[in-house]
Amino acid sequence: MSSPRTSQPAPTPRRGRFALALVALIVGAAFIAVAVGRPSVAPVPSRPVAAATSPSAGTSAASSAGPSHTASASAPEPARPAVAVSSLERAVLREVNRFRADPRGYARELADERQWFNGRLYEPPGPIPLQTNEGVAALDEAIRDLEAASPLPGVERSDGLARAARDHALDLANHGTRGHVGSDGSTSRARIERYGRFTGMAGEVISFGYDTAGEVVRQLIVDDGVPDRGHRINLLRPEFRVAGVACGRHRSMRFLCVIDLATTFQDGGR
């Protein structure tokens with residue numbers, strides 16, 4: 001697998017700069033969603049898939065089709081100081097909410113990029129051409145899904161979810177790995193439950209290779225090379241109302257952003 005491109009970080013991605021979501025060289029996004037046993041909240045169905053074998057697709061798994069789980073009844077942990085938030089992490093959460101507030105508007109932005117495809121090669125003005133897995137097909141599918149979507153509620157930042165995301169981001173960065181299982185064997189659910197209790201649904205998506213909010217979110221939306229489209233599915237779930245973001249450098253993929261989401265989350269110590 002080739003190394004990801006090394007373009008200099010841009011303070012604000014230009015409208016429509018979506019090469020981000022399409023690049024086979026650095027598409028390393030990963031996702032997971034779990035449902036908990038709250039009878040009044042039904043999980044959104046998604047096809048169960050095995051771990052992806054494509055190095056460009058990263059590790060993918062959907063467990064919402066499996067048995068439901070009862071939310072932890074353990075006592076809350078003592079209150080902790082708030083997690084410091086980087087400008088990129090703030091920007092990623094804003095971009096997620098911008099996309100959710102107007103998915104059809106976002107689809108129009110993506111449609112502007114169709115003209116730059118030559119087969120599976122993406123050739124926008126200026127940057128080096130980028131090889132994608134699926135060419136314009138993944139983009140067109142994302143546009144159709146977004147055009148059919150209604151506006152979604154925004155997600156508010158959760159300090160506890162941010163801590164869970166930070167744990168995994170640091171673990172992946174330190175070990176140069178990808179996927180949802182930590183070096184200690186922890187799952188996304190176990191990490192989330194270190195810092196409080198969630199109800200409804202919880203999910204995790206991970207982007208690799210990008211250092212701007214627009215690139216991170218659009219990569220997850222287009223989901224080039226990921227047959228299940230689990231990242232897009234999770235970002236389009238109306239059940240998700242809170243989220244935590246953690247971004248940083250990665251040993252082999254340059255950058256990563258972990259986003260943990262839930263229906264509701266009660267931070268430990270509250």
Check: I259 and N234 side chains under 4.5 Å, non-hydrogen atoms: no

Close side-chain approach of R218 and Y106, heavy atoms under 4.5 Å: yes

Ignoring hydrogens and geometry, is there a side-chain-to-backbone donor-acceptor pair from R191 to S186 under 3.5 Å? yes

Check whether any side-chain heavy atom of R114 sits under 4.5 Å from a side-chain heavy atom of D140, and report yes or no. yes

Can you tell me how far CG of D159 sits from CG of D267, rounded to the nearest 0.5 angstrom? 6.0 Å

So, taking the atom named CZ in R108 and the one named CD in E147, what distance separates them when rounded to the nearest 0.5 Å? 8.5 Å

For the pair R241 (side chain) and E156 (backbone), establish whether a donor and an acceptor sit closer than 3.5 Å, ignoring hydrogens and angles. no

Taking all non-hydrogen atoms of both residues, which atom of L161 and which atom of S158 are closest, and how far apart? N-OG, 3.1 Å

Can you tell me how far SG of C257 sits from CG of L93, rounded to the nearest 0.5 angstrom? 11.5 Å

For R254 and D211, run side-chain contact (heavy atoms from CB on, under 4.5 Å): C-alpha distance rounded to whole Å, both residues' side-chain angles, the deciding distance at 0.1 Å, then the answer. CA-CA 8 Å; R254 219 166 60 92; D211 61 349; 4.1 Å; yes

Ignoring hydrogens, what is the shortest heavy-atom contact between R100 and L236? Give both atom names and the distance. NH1-C, 4.3 Å

State, with a plain yes or no, whether a side-chain heavy atom of L235 is found less than 4.5 Å away from one of F240. no

Is it the case that the side chain of H250 and the backbone of T177 share a donor-acceptor pair, with hydrogens and angles ignored and the cut-off at 3.5 Å? yes

Separation of R157 CZ from F265 CZ (nearest 0.5 Å): 11.5 Å

Less than 4.5 Å apart, side chain to side chain, heavy atoms only: is that true for F198 and V242? no

Output all residues satisfying side-chain hydrogen bond (donor to acceptor under 3.5 Å, both in side chains) with E141, sequence neighbours left out; order by chain, then residue number. R229, R232

Measure the acute angle between the ring planes of H168 and H180, then classify it against the limits of 30° and 60° as parallel, tilted or perpendicular. parallel

If you compare all heavy atoms of G225 against all heavy atoms of N133, which two are closest, and at what distance to 0.1 Å? CA-ND2, 3.6 Å

ILVMFWY cluster, I143 and F117 together (side-chain gap under 4.5 Å): yes

For V92 against V217, the heavy-atom pair lying closest together: O-CG2, 4.0 Å

Of L256, V216, L220, which meets side chain to side chain contact (heavy atoms under 4.5 Å, CB included) against Y210? V216

So, R94 and N97: side-chain donor and acceptor under 3.5 Å apart, yes or no? no

Would you give the length of the straight line joining atom CG of L152 to atom CD of E239, rounded to the nearest 0.5 angstrom? 9.5 Å

Taking the side chain as C-beta and beyond, is there a heavy-atom pair between R237 and L261 under 4.5 Å? no

Under 3.5 Å donor-acceptor, D171 side chain and D167 backbone: no

Which residues pass the side-chain contact (heavy atoms from CB on, under 4.5 Å) test with A246, not counting sequence neighbours? E89, A165, R166, A169

Contact check, side chains of W116 and P125, non-hydrogen atoms, under 4.5 Å: yes

Check this for me: does any side-chain nitrogen of one of E95 and R98 sit under 4.0 Å from a carboxylate oxygen of the other? yes

Heavy-atom pair with the smallest gap, counting every atom of P103 and S150: CG-O, 3.6 Å

I'd like to know if the side chain of D260 reaches the main chain of G244, judged simply by a donor and an acceptor atom lying under 3.5 Å from each other, with no hydrogens or angles considered. no

Would you name the heavy atoms of A173 and R249 that are closest together and state the gap between them? CB-O, 3.1 Å

